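One structure is given below, encoded as structure tokens.
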Amino acid sequence: MDSQQPPQGIIPYGRQTIDDDDVHAVVAALRSDYLTSGPEVERFEAEFAAMAGAKHAVAVNSATAALHLAMKVLGIGSGDRVITTPNTFVASANAAAYVGATPDFSDICPGSWNLDPHRLEENWKPDAKAVVAVDYAGCPCNMPEIARIARQHGAKVIEDACHGVGSVFHAEGRPWRSGEHRWADITTFSFHPVKTMTTGEGGMLVTDNGEWAEQARRLRSHGITRAPESFRGIIRPDDWQGSTLAGSPEDALRETGPWYYEMQDLGWNYRITDIQCALGRSQLKKLPRFIARRQEIARRYSEALADLAWLETPAVAEPRVTDASADQFRYCAEDVSLHLYTVQIDFASLAQSRTRVMEFLRSKGVGTQVLYIPVYLQPWYRRTFGYHPGKCPVAEKFYARALSLPLYPAMADGDVDRVISAVRSLTPA
Ligand SMILES: *Cc1c(COP(=O)(O)O)cnc(C)c1O
């Protein structure tokens with residue numbers, strides 16, 4: 001199908017998979033009575049909550065919005081510190097800054113490239129009120145250990161599972177889905193087109209806490225409620241003194257008819273549309289197939305590239321987590337909803353810069369990407385918080401050697417072969 005073809009014959013590093021059933025679902029939504037929030041939003045939320053194993057799911061127009069709302073409902077604000085990984089997209093840290101908190105960064109583990117629980121514990125600061133644990137590439141963080149550290153200090157845990165819709169890890173002798181387990185207070189997911197499944201733009205906040213879910217629902221639409229059971233009243237008895245209303249206690253001002261709503265908090269327009277949720281529901285049905293195909297491609301890469309001395313394939317199974325709870329926490333390749341296939345390349349021994357390598361691969365029709373620049377090195381972070389190179393050496397070394405190869409379900413076997421032979425033809429000079 002035409003929409004599956006990569007632009008200009010280049011295999012991109014990531015791409016959505018849109019089939020005819022997705023197109024039909026969107027067309028049906030367009031022909032319905034609702035374009036913005038309607039019944040498709042609630043259906044998508046219910047189906048997503050069931051998939052993730054969470055009590056509540058709140059759909060919003062991006063994962064960035066979901067992270068912002070998570071900060072708000074958890075009561076994070078100015079004077080608080082929020083610790084996250086440097087190996088993430090800027091949104092994971094920006095959400096803390098939106099609410100006036102200080103985003104801070106703790107180094108990652110070699111191998112899993114996720115937050116290192118040891119470093120987290122060593123570097124804990126008394127004003128830290130939340131941890132944003134990001135599942136890099138879709139590989140789960142050591143959530144039991146991260147939650148133990150955060151909660152012993154009274155801090156909240158947000159799992160940024162934007163990369164890993166549908167990922168699973170094992171602890172306490174059973175599997176747990178991202179969104180299901182008790183080691184995160186709130187979990188967020190992204191439906192940007194390069195992620196596991198898409199709504200064009202979109203995100204989801206999931207939690208087992210009904211109050212947080214209700215608050216997030218209100219805040220995604222200006223802090224407005226139309227539910228009579230939660231009304232507080234716009235007119236109170238003492239309002240009649242000294243106001244323009246004095247002496248005119250109009251019953252109509254107190255009436256709460258069908259037009260009535262209350263704005264109880266300052267919220268935003270973070271609503272998602274019925275059109276997007278129709279696409280989300282259609283994509284959700286195919287999630288197991290998307291995950292299986294991503295795993296299959298990753299397996300082929302790992303087998304075909306294992307012998308290259310200058311390249312390290314990602315450890316997508318049995319992470320080298322070097323802490324005492326490693327035997328309690330593990331995942332295997334079949335558990336991971338893999339978003340990225342990021343290899344580590346020794347560019348020095350190839351005697352080529354990363355730019356040259358990327359240009360060479362591109363000339364062979366292979367797009368690649370570099371994920372991530374350690375967030376604290378971004379100019380705004382350096383300027384605002386005084387962060388410097390050297391803060392998280394493992395993340396800096398990872399960044400210096402990282403290259404993400406194409407990975408998306410619509411890749412044909414021939415595309416995978418093309419990537420493998422292009423990478424293999426990169427021989428040391
Ligand atoms: C993509 C991404 C986000 C932001 O998602 P949007 O839906 O684009 O707002 C946040 N965190 C991580 C780790 C991501 O990869």
Side-chain angles (χ1 to χ4, degrees), residues 12-16 44 48 57-72 82-99 103 105-106 108 112-115 130-141 143 146 157-167 178-179 184 186-206 216 219-220 268-273 276-277 279-280 283-284 294 314 336-342 369-376 378 381 392 395 398-399 402 404 407-408:
Y13 91 93
R15 183 182 159 75
Q16 70 276 16
F44 183 39
F48 194 92
V58 181
V60 286
N61 56 15
S62 72
T64 305
L67 285 160
H68 184 188
L69 294 184
M71 292 292 161
K72 284 303 289 186
V82 174
I83 303 175
T84 189
T85 168
N87 185 30
T88 187
F89 183 56
V90 293
S92 314
N94 290 353
Y98 292 161
V99 297
F105 301 87
S106 188
I108 56 177
S112 78
W113 314 120
N114 279 331
L115 271 180
V131 174
V132 178
V134 181
D135 301 327
Y136 178 78
C139 294
C141 291
M143 294 308 300
I146 289 169
V157 181
I158 297 166
E159 185 176 357
D160 178 345
C162 285
H163 290 190
V165 177
S167 276
S178 292
I186 290 178
T187 304
T188 60
F189 300 92
S190 173
F191 309 127
H192 181 279
V194 296
K195 307 289 167 72
T196 326
M197 52 173 274
T198 191
T199 59
E201 294 277 2
M204 193 73 85
L205 176 159
V206 314
L219 290 172
R220 84 175 155 189
W268 296 270
N269 180 353
Y270 283 168
R271 293 187 304 263
I272 191 166
T273 67
Q276 291 167 294
C277 290
L279 178 55
Q283 292 263 300
L284 193 54
R294 285 173 173 276
V336 177
S337 171
L338 203 64
H339 165 51
L340 300 172
Y341 189 90
T342 304
Q369 190 53 278
V370 177
L371 302 152
Y372 287 100
I373 301 168
V375 175
Y376 60 84
Q378 293 295 347
Y381 277 91
C392 298
F398 173 75
Y399 163 58
S404 299
L407 182 66
Y408 54 95

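Nothing here was measured: the structure is a model prediction, and the numbers come from that model. As the structure lists them, so they are numbered: ligands from 1, and atoms in each ligand from 1.
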Give a yes/no verdict on whether any heavy atom in Gly202 is under 4.0 Å from an atom of ligand 1.
yes
What are the two closest non-hydrogen atoms of [X] and [Y], and how far apart are they?
X      : Y      : value
Ser337 : Thr196 : OG-CG2, 3.3 Å
Pro374 : Ala395 : CG-O, 3.9 Å
Phe191 : Thr198 : O-OG1, 2.7 Å

Return the residue, atom name and 0.1 Å-rounded distance of the protein heavy atom closest to atom 4 (C) of ligand 1.
Thr64 OG1, 3.7 Å
Can you confirm whether the side chains of [X] and [Y] place a donor and an acceptor under 3.5 Å from each other?
X      : Y      : answer
Thr84  : Ser92  : no
Ser112 : Tyr136 : no
Asn94  : Tyr381 : yes

From the options [options], select the one whose nearest heavy atom is closest to [atom].
atom                    : options                       : answer
atom 12 (C) of ligand 1 : Gly138, Cys162, Gly203        : Cys162
atom 7 (O) of ligand 1  : Ser190, Pro193, Gly164, Ser92 : Ser190
atom 3 (C) of ligand 1  : Glu201, Met204, Lys195        : Lys195

Subset of ligand 1 atoms that lie under 4.0 Å from at least one heavy atom of Thr88
13 (C)
Numbering as shown, the atoms of ligand 1 that approach Val134 to under 4.0 Å (heavy-atom distance):
13 (C)
Heavy-atom pairs closer than 4.0 Å: do any link ligand 1 to the side chain of [X], the backbone, both, or neither?
X      : result
Tyr372 : side chain
Ala63  : both
His339 : neither

Going by the rule side chain to side chain donor-acceptor pair (under 3.5 Å), which residues pair with His339 if we only count those two or more places apart in sequence or in a different chain?
none
Side chain to side chain donor-acceptor pair (under 3.5 Å) with Gln276: which residues, sequence neighbours excluded?
Thr273
Geometric N/O contact Asp160 with ligand 1, under 3.5 angstrom:
yes
Can an N or O of His192 be found at a distance shorter than 3.5 Å from an N or O of ligand 1?
no
